[in-house]
Amino acid sequence: MNRALVEVSLFGAVIVGCLLVVGFAQRLRAEPSPDGGYATDRERRLGLGDAKAAAVRWTTTTNHREIGLLYIAFGTVAAIWGGIDAMMIRTHLLTPEANLWTEQTYNELFTMHGLTMLIFFVTPVFFGIGNYFLPLLIGADDMAFPRLNAIGFWLLPPSLLLARLGIVAEVTGAVLAVIVPNDWISVLLAFQEPAIGWTMYPPLSLAPNPQTNFLLLGLHLSGIATTIGAINFITTIIYERDESIGWANLDIFSWNMLITSAIVIFAFPLLGTALLMLLFDRNFGTTFFAVEGGGPILWQHLLWFWGHPEVYIIFLPATGLMSLILPKFVGRKLFGFKFIVYSTIAIGVLSFGVWAHHMFVTGVDPRVRASFMATSIAIAVPSAIKVFNWITTMWNGDVRLAAPTILCVGSIGLFIVGGVTGIFLAVIPVDVIYHGTYYVVGHFHLILMGIIPLMMFAASYYWYPLLTGRMYDRRLAIFQSVLLVVGSALTFMTLMALGFLELPRRYATYPAGFSGLQIVATVGAFIIGISVLMWLYNMIWSYFQGTPIETADPWELKATEQFTPEWQWFEDRLERKRGVPPSEPDSVRPSYVPAQDERPLSIYGRIEPVARTVASDAGVGATGGFIGTLLMSGALLAAVVLGVFDLESIATLATLVGLPSNLALGYGLFLIAGTAVWPLLFLSLGEYLPGELTLVTGLWYATVIASGFAIGFYTGQTGLELVTYLLFVVLAHWIYGLGLAGTIASLGGRQRRPSTGEGGNE
């Protein structure tokens, strides 16, 4: 089967499907004419002059909102293209043998899928969102350099064409071969999409293939475009902000775009230099990455010095969207705004100190590996701060069921799984085992797919009324969002399972024993593909047939004092163009806002009360535990005298910590556990045990732990001796529970919260 023709046919089918939806929706949107009839097809038909005017307008515009839409449209086209690559990969892997595509075709697919998604999909879409909304959020009239902004965008289409020229030339050659001799089109037939992996490691990338040169030129051009865009964002945020917007009240999305742009400034010029060096090696005989020169390892250092910051270049804008959108749908302002900003800055700095963890298996000096392991683990801290703040923002909030909410919550869940599995990969021994397996594929797709596109979809729903003046189909959006989250979890967690089984990645064939999980992953990928098509349909159909917006506050943001500047801009526009007056909410409730009129507490001031409470509880609990353990010892001593409890079981406790079996050592450990471990658990879990009084709670707790003691210290008693042993165990623990709880109650320790009523919630 010819891969190029199949891919172009699928791409064409999606585009034709979109055009049909547009045509059908337009046909249904016949507006009533003044005479009571409907506009005829002839009156609605787009003339050549209109098409020419539209083409001139969209190719020469310097308006930031229109350029933003161009970025988003370009990124969507690239996503469809790269997504078709992904669907073809997963279809190929339905069977263990390479009986759909050849191994060469499989390698071409995953090479271009990775590059297309990373370079031409994610960054352009985020730059489009930034272009449209960032000036509105900071009160600027436009981007700082409007013409440069347009140039930055128009460098992207030719760069994509250069990068994917192989498939274009192949299809063109196949079509022309029908009518002209092959000799005439030999140049076209010489092009073939590279099958070198998206990392382009030498010596694979040094193999003769003219398309590889065009691929490198296309990537270099896209890097220039990205750098131009980043310079524009930084300058706009620094110099074009409204006077009322300082660094302290700059919105969280703009903060993330600022840090992202700063990373781009440092990372992308290095990628451009490395690409030029590779081009020189390929065409001019230099030896930067040849064995006799710098060696292939040099390319890996340069690539990953760009490659890992690139992960955060495409990750940070998604977190910015999460921090901006999530509070709107839970009725609470973002918790810990400053700490999220600090964590963003920390990620930006640390992102340049983790590149070598991609090279743990290349023979890097062990001391260097250890240092990069430490920094790679450390970067999880600021990422975790973001997650904790998102969860805390939702905590006790007024969560509203909407498509953006589902996507935000789903993103947090998938990101937690992807992030935690990344920490394991940062550890050298684990990385050595799983480096070349599907574990890595599952991990980074849970990040790349689990939060980045999901937040793009969330942003598209959140701002859709502002962008189009209409509302999307909400029921379809909720269904699509659920489908997308489920599909992502099913696909990439299954890939992680394949990785745990140590199935190597990047192979076109695999042992038949893995076919079941591969089928599950492919089904999940198809679910993702269907949900994306549903989103595309919803966006297009609703643009023509969605319910017109009658208020600039479709999400009722005014009710929680979160009516941000871009919506205020939309409200002014709606009133100016359609005469829609500003709306007022029925009631306004303040969302969580940190006190501004008082000096905020220092870190010591915040930690000190918590530390004091912990120390007090620990002291009271230890006292209670010590007294309870002494009383319990008396009961056990009586059992020893009666011959139903063997002291040897106490002596063997010492062997659990590597000490010899000894009664004194064993009893020492017994006393420590009764004084420290069990009181700590009682203070933690006592809140959830039944009973209104502390003493009753203590009896419940002692009864529960008595079962473990009875099993752990059982020494073969039978008959009446066994019954007596169990009675003494229970009696001893009740004495312990009463001693523990009674001492805590008498010393004024933590009290159980009062119940609000029978059977009611507290």
Side-chain angles (χ1 to χ4, degrees), residues 8 11-12 14-16 18-19 21-23 25-26 44-82 116 119-136 140-165 167-169 171-172 214 217-233 235-236 240 261 264 268 456 460 463 466-469 536 539-540 543-544 573 577:
V8 170
F11 187 78
V14 174
I15 300 300
V16 170
C18 292
L19 293 175
V21 173
V22 170
Q26 271 189 322
R44 295 198 304 270
R45 191 173 300 155
L46 185 66
L48 182 62
D50 295 331
K52 183 178 178 182
V56 171
R57 175 194 166 195
W58 284 98
T59 52
T60 59
T61 182
T62 57
N63 180 284
H64 71 95
R65 287 183 286 111
E66 292 179 343
I67 291 177
L69 293 176
L70 288 171
Y71 265 115
I72 294 171
F74 172 82
T76 304
V77 171
I80 293 171
W81 200 342
T116 303
I119 304 294
F120 299 107
F121 160 47
V122 180
T123 308
V125 170
F126 281 137
F127 273 32
I129 295 173
N131 258 286
Y132 198 106
F133 291 103
L134 192 142
L136 302 180
D141 295 330
D142 204 326
M143 297 293 285
F145 308 114
R147 291 182 177 82
L148 197 63
N149 199 25
I151 292 172
F153 167 75
W154 285 108
L155 287 177
L156 284 177
S159 65
L160 176 61
L161 188 62
L162 283 171
R164 305 222 56 167
L165 191 60
I167 195 167
V168 176
V171 173
T172 305
F214 287 98
L217 286 172
L219 296 178
H220 189 70
L221 200 58
S222 75
I224 294 173
T226 305
T227 307
I228 289 174
I231 293 171
N232 218 345
F233 279 124
T235 311
T236 303
E240 301 295 324
S261 302
V264 168
F268 267 84
M456 290 178 181
S460 71
W463 280 315
L466 187 151
L467 286 165
T468 64
L536 199 58
M539 294 292 105
I540 296 173
Y543 178 78
F544 297 99
R573 190 183 187 201
K577 291 201 170 184

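Nothing fancy with the numbering, it's 1 onward along the sequence.
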For this session: Report the distance from atom CZ of F126 to atom CZ of F121, rounding to the nearest 0.5 Å.
Result: 7.5 Å

For this session: Would you name the heavy atoms of P124 and I119 that are closest together and state the gap between them?
Result: CD-O, 3.5 Å

For this session: Enter the distance from W463:CH2 to L136:CG here, rounded to the nearest 0.5 Å.
Result: 9.5 Å

Exercise. Rounded to the nearest 0.5 Å, how far does NE2 of H64 lie from CG of D142?
Worked result: 5.0 Å

Seminar exercise, completed: Residues passing the side chain to side chain donor-acceptor pair (under 3.5 Å) test with T116, sequence neighbours excluded, are R164

Seminar exercise, completed: Tightest non-hydrogen contact, residues A140 and E240, listed as CB-O, 3.3 Å

Exercise. What closest approach, in Å, do A230 and F127 show between heavy atoms, and which atom pair accounts for it?
Worked result: N-CE2, 3.8 Å

Exercise. With a 4.5 Å heavy-atom cut-off, do V77 and F11 have their side chains touching?
Worked result: yes

Enumerate, atom names and distances included, each donor-acceptor pair closer than 3.5 Å involving a side-chain atom of residues 149-162, sequence neighbours excluded.
residue: N149; atom: ND2; partner: N131; partner atom: OD1; Å: 2.5
residue: S159; atom: OG; partner: L155; partner atom: O; Å: 3.4
residue: S159; atom: OG; partner: L156; partner atom: O; Å: 2.5

For this session: Check the surroundings of atom CZ in F214: do more than 12 heavy atoms from other residues, nucleotides or ligands lie under 6.0 Å from it?
Result: no

Exercise. Rounded to the nearest 0.5 Å, what separation is found between the CE atom of M456 and the CD1 atom of I129?
Worked result: 6.0 Å

Problem set entry | Separation of R65 CZ from L70 CG (nearest 0.5 Å) | 12.5 Å

For this session: Could you tell me the separation between the OH atom of Y132 and the CG atom of L466, rounded to the nearest 0.5 Å?
Result: 5.5 Å

Let me have the donor-acceptor pairs involving side chains of residues 221-229, under 3.5 Å, with sequence neighbours excluded, atom names and distances please.
residue: S222; atom: OG; partner: L219; partner atom: O; Å: 2.7
residue: T226; atom: OG1; partner: S222; partner atom: O; Å: 2.9
residue: T227; atom: OG1; partner: G223; partner atom: O; Å: 2.8

Exercise. Is the closest side-chain heavy-atom distance between V14 and L536 below 4.5 Å?
Worked result: yes

For this session: Mind listing the closest non-hydrogen atom pair of T59 and V56 along with its distance?
Result: OG1-O, 3.2 Å

